[in-house]
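The sequence lines fix the lettering, A, B, ..., with proteins before strands; numbering per chain opens at 1.
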Amino acid sequence: MKRIVALVDLDAFYAQVEELRNPKLKGKAVIVCMYSARGKGSGAVATANYEARKLGVRSGMPIIYAKRKAKNAVFLPADRDYYWKVSARVMDILQTYSDLFEQVSIDEAYLDLSQTNSFTAAERLAKKMKSEILQKEKLTCSIGIGPNKLVAKIAAGVKKPNGLVTVPEDAVPSFLKPLSVGKLYGVGPKTEGLLASLNMRSVKQLKTMSLAHLQKLVGSAKGSMLYNGARGKDDRPVQPGRQKQQVSRLTTMKKDTSSFNSLAETVASLSTLVHDTVSAQKITFQTVSLIVMSNKMEQISRSHSLTEPTTAKKAIQDTVTALLKTFLAERPDFQVRRIGVRVSGLEHAIPDSRKPATNGQRTLRTFRKPS
DNA sequence: CTTCGGCTGACGG
DNA sequence: CTAACGCCGTCAGCCGAAG
C-alpha cells in the first residue's frame with residue numbers, strides 16, 4: 001500500500017501563543033527570545049512572528065541583531081513551560097487523527113495517513129485538523145502532505161503561515177527539481193557549502209551525482225540520504241512512541257571563568273534540574289556527562305558510565321563534579337562560557353505492556369538504496 | 001569481525 | 001563606532017578497547 005504522510009507545523013509557535021496570552025500584541029512585530037545570564041540583551045531569537053520576519057528577523061539570530069532590524073518590535077522572554085502545555089493540548093488533538101503519530105518537536109508532528117487511501121482524502125482530513133486546532137486552541141498551522149516525510153516536510157514549508165500543500169507521488173520530481181539543495185532534510189550550511197563548491201546548488205543538479213561520489217564526499221549515511229532525497233525517496237517510518245535518548249541542561253555563565261568553586265556551584269544546580277526532569281518522567285540513567293564551551297565556540301564533553309542504571313541525584317552530582325575537577329586539572333587555562341550536565345543511557349519505565357521502541361524488528365532509520 | 005564507551009561535529013527547531 | 005550569539009535534542013563517524 002502506498003504511503004501518505006503529513007507534517008503539521010504550528011506557525012511561529014511561541015509568538016502565536018504569546019499573542020493569544022496578550023491580544024494587544026496582535027498586528028505588532030513580536031520576537032520571543034532566549035536570554036542568557038549575561039544581561040544587556042545577550043541571547044538569541046527563538047521565534048519571530050510574521051510581522052517581525054518581514055523586517056528580516058530570523059530564529060537563531062542574536063537578539064542584538066534583531067533589535068537593529070526591528071527597533072519597535074515587542075521582545076519577550078520565552079516561557080517554554082507554558083508553550084509545552086499548549087503544545088500538549090494540540091498534540092492530543094492531532095493524535096486522534098492517526099495511530100501512527102510522531103511528535104518531533106514542541107511544534108511539529110508527523111502523521112501517517114495511509115489509511116485514508118488517497119491524497120485527496122488525506123487533504124480533507126488535514127483541513128479538519130486545521131479547523132479543529134483553530135477552533136479549540138485559536139492556533140494556525142501549516143500542513144504538508146506527501147508520499148513520505150521528506151516531501152511532507154518540504155511541502156509544509158511552501159505556504160506559510162496557515163498553509164496546506166499536497167504533493168502526490170507523481171508530482172514529486174517536478175516539485176523537488178527547482179529547489180536548492182539546502183531545502184533537503186539534513187543539508188545545513190556545511191553540506192550546502194561543500195556541494196556549492198562543486199556547483200551543485202539545485203536538486204536537479206544534485207541528481208547528476210552518483211551514489212558513490214556523494215558517499216565519498218559526505219559519508220555513507222548522508223550520501224545515500226542525499227542521493228535518495230534528490231529523487232524524492234525516503235523510507236523513514238512515522239514512529240510512534242519514541243523515547244528520549246538523553247536529558248541535558250545548559251547555562252551561560254555570567255562571566256567566562258575557570259574557577260572550580262563557581263563552576264561546581266552551577267553544575268550542582270544543573271544536576272538538580274536534570275534530576276527533576278528524569279525523576280518526574282520515571283527514567284533511569286547510566287551515563288553522566290559534563291559539557292563545557294569556551295567563549296570561542298570550542299565545545300568539549302567528558303562522560304562517565306556507571307556500573308548500574310540509577311535514579312540517584314547524588315550519582316549525577318558526584319560524577320559531574322569529578323569530571324569537572326579532572327577537566328580543570330587538564331585544562332587550567334580553559335575559560336568556560338557555557339556549561340552543562342547531561343544524562344544518557346536512559347531506560348523508561350514501561351507503561352503497561354507497551355513494548356519499548358527499541359525492540360529491534362524495525363530499524364529502518366536510514367534511507368534505502370533504490371532497486 | 002562486531003560492539004561498546006567516549007568524543008566530536010553537523011543539523012533541526 | 002564595532003561586534004555582538006540559547007537551549008535543547010538527534011544522529012553519524014571516528015577511535016581504541018573489549019568481546
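Side-chain contact of A:S259 with A:N261: a donor-acceptor pair under 3.5 Å is absent, judged by distance alone. Between the side chains of A:T287 and A:S305, at least one donor N or O sits under 3.5 Å from an acceptor N or O. For A:K159 and A:S142, the side-chain atoms include no donor-acceptor pair closer than 3.5 Å. The closest side-chain donor-acceptor pair between A:N162 and A:K130 falls under 3.5 angstrom. Residues A:S42 and A:S36 have side chains that bring a donor and an acceptor to within less than 3.5 angstrom of each other.
Among the nucleotides B:dT8, B:dC11, C:dC11, the one closest to the side chain of A:R242 is C:dC11. Listed nucleotides: C:dG6, C:dA12, C:dT10. Nearest to the side chain of A:Q245: C:dT10.
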Dot-bracket for DNA chain C, please, read 5' to 3', with Watson-Crick or G-U wobble pairs under 3.5 Å on both distances, ( ) within the strand, [ ] crossing, | other strand, . unpaired.
-> ......|||||||||||||
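If you take NZ of A:K149 and C1' of C:dC11, they are 13 Å apart, rounded to a whole angstrom. As a whole-Å value, the separation of A:E108 CD from B:dC11 P is 18 Å. Spacing between atom CE of A:M61 and atom C1' of C:dC7 amounts to 18 Å, rounded to whole angstrom units. The nearest whole Å value for the distance from the OH atom in A:Y110 to the C1' atom in C:dT10 is 13 Å. Going from atom CZ of A:R236 over to atom C1' of B:dC11 covers 12 Å, rounded to whole Å. Going from atom CG of A:D81 over to atom P of C:dC7 covers 14 Å, rounded to whole Å. Distance, A:H304 NE2 to B:dG6 P: 7 Å, rounded to whole Å. As a whole-Å value, the separation of A:K190 NZ from B:dT8 P is 16 Å.
Neither OP1 nor OP2 of C:dG9 sits under 4.0 Å from any side-chain N or O of A:S105. Between A:S42 and C:dG6 there is a side-chain N or O to OP1 or OP2 distance below 4.0 Å. OP1 or OP2 of B:dC7 sits under 4.0 Å from a side-chain N or O of A:S303. In this model, the phosphate group of C:dC8 is approached by a side-chain N or O of A:R80 to a distance below 4.0 Å at OP1 or OP2. The shortest distance between the side-chain N/O atoms of A:S305 and the OP1/OP2 oxygens of B:dG5 is not below 4.0 Å. The phosphate of C:dC7 has OP1 or OP2 within less than 4.0 Å of a side-chain N or O from A:T252. A close approach under 4.0 Å does not occur between any side-chain nitrogen or oxygen of A:T287 and OP1 or OP2 of B:dG5. In this model, the phosphate group of C:dC7 is not approached by any side-chain N or O of A:R249 to a distance below 4.0 Å at OP1 or OP2.
Across all strands shown, A:R338 has heavy atoms under 4.0 Å from base atoms, whether or not it also approaches the sugar-phosphate. Note on A:I300: only backbone sugar-phosphate atoms sit closer than 4.0 angstrom, heavy atoms only; bases stay farther off. As judged by a 4.0 angstrom heavy-atom cut-off over every strand, A:V247 is placed among residues touching the sugar-phosphate backbone only. Among the heavy atoms of the strands lying under 4.0 Å from A:S36 are primed sugar atoms or P, OP1, OP2 only; no base atom is included. Using a 4.0 Å heavy-atom criterion, one finds that A:S59 contacts no nucleic acid atom at all. A:V45 comes within contact range of no nucleotide atom at all, as no heavy-atom separation falls under 4.0 Å.
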What's the verdict on salt bridge (charged side-chain N to carboxylate O under 4.0 Å, His left out) for A:E169 and A:K2, showing C-alpha distance, side-chain angles and the deciding distance?
-> CA-CA 9 Å; A:E169 194 117 48; A:K2 76 173 183 223; over 6 Å; no
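Screening A:K136, A:K128, A:Q135 for a side chain to side chain donor-acceptor pair (under 3.5 Å) with A:E132, the sole residue that qualifies is A:K136.
Partners of A:Y83 by ring pair (Phe, Tyr, Trp, His ring centres under 6.0 Å), not counting sequence neighbours, listed by chain and number: A:Y14.
For the pair A:G60 and A:S248, nearest-nucleotide mapping onto DNA chain C gives the more 5' position to A:G60. Nearest-nucleotide assignment on DNA chain C puts the 5′-proximal partner with A:L250, out of A:L250 and A:G219.
A cation-pi arrangement is absent between A:R331 and A:F327, since the terminal nitrogen or guanidinium carbon is not both under 6.0 Å from the aromatic centre and inside a 45° cone about the axis. Judged by the 6.0 Å distance and 45° axis criteria, A:K67 is positioned over the aromatic ring of A:F75.
For B:dG12 and C:dC5, the P atoms lie 24 Å apart once the distance is rounded to whole Å.
Around atom NZ of A:K204, no more than 12 heavy atoms belonging to other residues, nucleotides or ligands sit under 6.0 Å away.
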Table of protein N/O atoms under 3.5 Å from nucleotides 1-4 of chain C N/O atoms:
unit_1 : atom_1 : unit_2 : atom_2 : d
C:dA4  : N6     : A:R68  : NH1    : 2.5
C:dA4  : N6     : A:R68  : NH2    : 3.2

